[in-house]
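The structure displayed is predicted, hence computed values, not measured ones. Start at 1 with the first residue, then count along the sequence. Both ligands and their constituent atoms are indexed starting at 1 by order of listing. Hydrogens, waters and symmetry mates play no part in the numbers below; they use all other heavy atoms, side chains included.
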Amino acid sequence: MITFYPGPSKVYPQIETYLRDAYQSGILSVNHRSEPFMQMLAGTIKILKSKLAIPEDYEVYFVSSATECWEIIAQSFMISGFHVYNGAFGEKWMEYTRKLRTGVSGRYFDCNELPATDFAKELSANEIICITHNETSNGTVIPDAFFKELRLKTGNLIAVDATSSMAGVALPWTDGDIWYASVQKCFGLPPGMGVMVVSPAAISQAKEMGEAAHYNSFLFIRDNFLKQQTPYTPNSLGIYLLGRVLEQVPSIAEVSEEIKQRAKDLYSFFENVGFAPLIENDAVRSDTVLAIKAEGQRLSTIKSAAKSAGIVLGNGYGSWKENTFRVANFPAITSADVTALTTFFHSATVV
Ligand SMILES: *Cc1c(COP(=O)(O)O)cnc(C)c1O
């Protein structure tokens, strides 16, 4: 089976070897306050910052998931949040923030449009702007220019959910303060770990708040990471695999270019075989998760025919469940996989 599911998604085939290496190296049984673990953690962070071109003064932490980051951000960085969203993940993030903070507001925008930045002038201090870079539910992306414009308009911190784009496309790091992702999407790894990238300004704000009441309070996590340790016994295997995969992949500039070109090719391919993208405005179409329109009988026929041909398409998500399917365009997916996909869609049975 070739999977185009946008998470959990296809893992790099090298994972099989790396798993055996991890076992044989003994790293899976070492104490997480011991030298070998600390070296591995430092090594993974170093290669991550280098391959993803993360600014020197931004810090990296590993947590359990992107969902945990929703909680960490609400609890350790903000008095309140301002959520700008157009789909299911952005909305869910806002709902989580609302459980922990009062006065949380949101601005919904149409998925064919760019959000306006007029709200930026009306924010109160310590109101964090929360934006989903790549909305996995409907296949939209926020272009870099938007983050740049927002940065110029406000000094407030900007938190960005880049769960389905980090390690797939280049991110405008310095135009955001708290970026996070899960490893089961563009990183091509098995699920079970989150990556958080934090700016010096966000670290200062967390220090000012001084929140320390939870096992996953940001300052507690950071104190441990400064010693190359983790607050609780970590996912050592996940950290090991992440380091190995990052050693193997090209720089993000190179990966990003390939992914963007392949997205363009795939969108035009689908249009040519009679499947329109859900998003009409190509300026906000995602490069890493494609949402393609198909309804009713046609949708179920495609999905089951694909399955018989050894191809797993992603189901639609949330309110787009019944009228789209999704195709991950993640780096672990090869050109041969894409050829299998396009060959299938060319076949008479579905078109
Ligand atoms: C997958 C996803 C999440 C949730 O990730 P978990 O690893 O399940 O916590 C959050 N936001 C976006 C945009 C996602 O695509």
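For ligand 1, the atoms sitting less than 4.0 Å from at least one non-hydrogen atom of Thr136 are 12 (C), 13 (C), 14 (C), 15 (O), numbered in the order shown with element in parentheses. Counting atoms of ligand 1 from 1 in the listed order, those under 4.0 Å from a heavy atom of Trp70 are 10 (C), 11 (N). Residue contact check: Asn134 has heavy atoms under 4.0 Å from atoms 13 (C) of ligand 1. Atoms of ligand 1 lying under 4.0 Å from any heavy atom of Asp161, numbered from 1 in the order shown and given with element: 10 (C), 11 (N), 12 (C), 13 (C).
For the pair Gln184 and ligand 1, the shortest N or O to N or O distance falls below 3.5 Å. Backbone and side-chain nitrogen or oxygen atoms of Phe89 are examined, and none is located within less than 3.5 angstrom of a nitrogen or oxygen of ligand 1.
Checking Asn224 against Arg33 by side-chain atom types alone, a donor-acceptor pair falls below 3.5 Å. For the residue pair Asn134 / Ser164, a side-chain donor-acceptor distance below 3.5 Å is found, with atom types taken as modelled. Judged purely by distance below 3.5 Å, without hydrogens or angles, the side chains of Asp223 and Gln229 never pair a donor atom with an acceptor atom. Using a 3.5 Å distance cut-off with no hydrogens or angles, the side chains of Ser268 and Glu271 do not pair a donor with an acceptor.
For residues 224-244, the set of pairs meeting the ring-ring contact (aromatic ring centres under 6.0 Å, His included) definition, not counting sequence neighbours, comprises Tyr61-Phe225, Tyr215-Tyr232. The ring-ring contact (aromatic ring centres under 6.0 Å, His included) pairs that include a residue from residues 302-324 are Phe89-Tyr317, where partners are two or more places apart or lie in different chains.
With a 4.0 Å cut-off on non-hydrogen atoms, Thr67 touches ligand 1 through its backbone as well as its side chain. With a heavy-atom cut-off of 4.0 Å, Glu135 does not touch ligand 1 at all. Of the heavy atoms in Lys185, only side-chain atoms (C-beta onward) come closer than 4.0 Å to ligand 1.
Protein heavy atom in closest approach to atom 6 (P) of ligand 1: Ser182 OG, 3.5 Å.
A salt bridge is absent between Asp161 and Lys92: the closest approach of a Lys/Arg side-chain nitrogen to an acidic carboxylate oxygen does not fall below 4.0 angstrom.
Within a 6.0 Å radius of NZ in Lys153, other residues, nucleotides and ligands contribute more than 12 heavy atoms.
Ligand 1 has no atom lying under 4.0 Å from any heavy atom of Lys92.
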